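Have a look at the structure below, then the notes.
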Amino acid sequence: MIQLVYVSSSVRLFTKDELIGILEVSRTHNQSKGITGILLYANGNFLQLLEGEKKDVDALYEKITQDKRHRGCIKLFAKDATSRLFPDWSMGFRELSKDECDTKKGYSDLMAFWNNPMDLKNNPNQLLRILGEFSMNNR
């Protein structure tokens, strides 16, 4: 099993209904492939963690990079994992507001890193810690 994290920017701002549509399709596909994870969206930027068998996650990531609804896809890391951060989430989703990012534990750290994706790429353990806190605060 691997965990893969990437960031990208949407080509335009999405409505809540559009995001829900993406989520519904993702959940159906991911369940069929045994992929779990989370998709975060804030101000036109995505951060996604995918967990599952390497061949399935790699194939999904390749498909994601071809999606014309976003650009600037940067793989922050892909690493072997012995357990999942989101074992029960075929695709968790959260749209982050500025107020939440400023006041909730774990969110502010994530948003600080999000401003510079290379900081995220250089600190995968810190990113996983933040995502772990995020998952615990949103169950």
Side-chain angles (χ1 to χ4, degrees):
M1 185 180 77
I2 68 166
Q3 293 172 319
L4 184 149
V5 178
Y6 75 90
V7 292
S8 66
S9 297
S10 59
V11 294
R12 61 177 176 73
L13 295 178
F14 288 105
T15 67
K16 190 163 218 110
D17 286 342
E18 289 172 317
L19 292 168
I20 289 169
I22 291 169
L23 180 63
E24 288 172 349
V25 170
S26 296
R27 282 184 174 160
T28 300
H29 176 267
N30 292 355
Q31 269 186 331
S32 73
K33 298 291 185 181
I35 295 173
T36 58
I38 187 165
L39 175 65
L40 302 178
Y41 178 80
N43 303 319
N45 296 301
F46 293 104
L47 184 145
Q48 186 166 28
L49 166 73
L50 301 169
E51 305 172 304
E53 293 303 314
K54 181 176 179 7
K55 66 177 178 54
D56 297 322
V57 171
D58 286 345
L60 178 56
Y61 179 69
E62 181 60 30
K63 183 178 175 184
I64 288 168
T65 63
Q66 303 304 311
D67 191 321
K68 301 295 184 205
R69 294 174 291 188
H70 68 142
R71 65 180 183 280
C73 201
I74 300 169
K75 185 191 297 183
L76 300 177
F77 67 87
K79 69 181 208 82
D80 291 334
T82 57
S83 63
R84 297 174 187 252
L85 280 176
F86 300 93
D88 302 321
W89 296 15
S90 59
M91 186 47 56
F93 171 77
R94 190 76 156 101
E95 183 175 5
L96 302 174
S97 71
K98 178 159 177 26
D99 288 342
E100 288 173 317
C101 294
D102 289 343
T103 60
K104 286 194 178 181
K105 180 181 177 183
Y107 288 32
S108 57
D109 288 344
L110 176 61
M111 295 311 291
F113 273 103
W114 201 330
N115 290 329
N116 185 350
M118 290 303 111
D119 285 348
L120 289 168
K121 188 170 188 164
N122 295 328
N123 293 287
N125 291 334
Q126 176 73 356
L127 177 59
L128 287 174
R129 182 193 63 76
I130 292 167
L131 288 171
E133 284 182 27
F134 181 88
S135 73
M136 296 309 292
N137 289 324
N138 287 283
R139 289 186 186 254

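Every value quoted in this text rests on a predicted model; they were computed, and no experiment measured them.
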Any side-chain heavy-atom pair of Ile38 and Leu85 under 4.5 Å: no
Atom pair CG/CG of Leu4 and Asp58 - distance to nearest 0.5 Å: 7.0 Å
Linked, directly or transitively: Ile35 and Tyr61 (ILVMFWY side chains, under 4.5 Å): yes
Nearest-0.5 Å distance, CG of residue Leu23 to OG1 of residue Thr28: 9.0 Å
Same cluster (ILVMFWY, side-chain, under 4.5 Å), Met1 and Leu76: no
Value rounded to 0.5 Å, distance of CG in Leu13 from CG in Asn45: 9.5 Å
Separation of His70 NE2 from Arg12 CZ (nearest 0.5 Å): 13.0 Å
Straight-line distance of Phe14 CZ to Tyr41 OH, nearest 0.5 Å: 6.0 Å
Exercise: identify the closest heavy-atom pair between Val57 and Leu50: CG1-CB, 4.0 Å
Glu51 to Gly37 - nearest heavy-atom pair and separation: OE1-N, 4.1 Å
Worked verdict on Glu24 versus Ile20 for side-chain contact (heavy atoms from CB on, under 4.5 Å): CA-CA 6 Å; Glu24 288 172 349; Ile20 289 169; 3.6 Å; yes
Worked verdict on Arg69 versus Phe46 for side-chain contact (heavy atoms from CB on, under 4.5 Å): CA-CA 11 Å; Arg69 294 174 291 188; Phe46 293 104; over 6 Å; no
Smallest separation among heavy atoms of Cys73 and Ser8, with atom names: CA-CB, 3.9 Å
Nearest heavy atoms of Tyr6 and Lys75, plus distance in Å: CB-CA, 4.0 Å
Flag, side chain of Arg71 to backbone of Ser10, donor-acceptor distance under 3.5 Å: yes
Residue of the set Val5, Ile64, Leu60 for which side chain to side chain contact (heavy atoms under 4.5 Å, CB included) holds with Gln48: Ile64
Approximate separation, where rounding is to 0.5 Å, of Thr36 OG1 and Leu49 CG: 7.5 Å
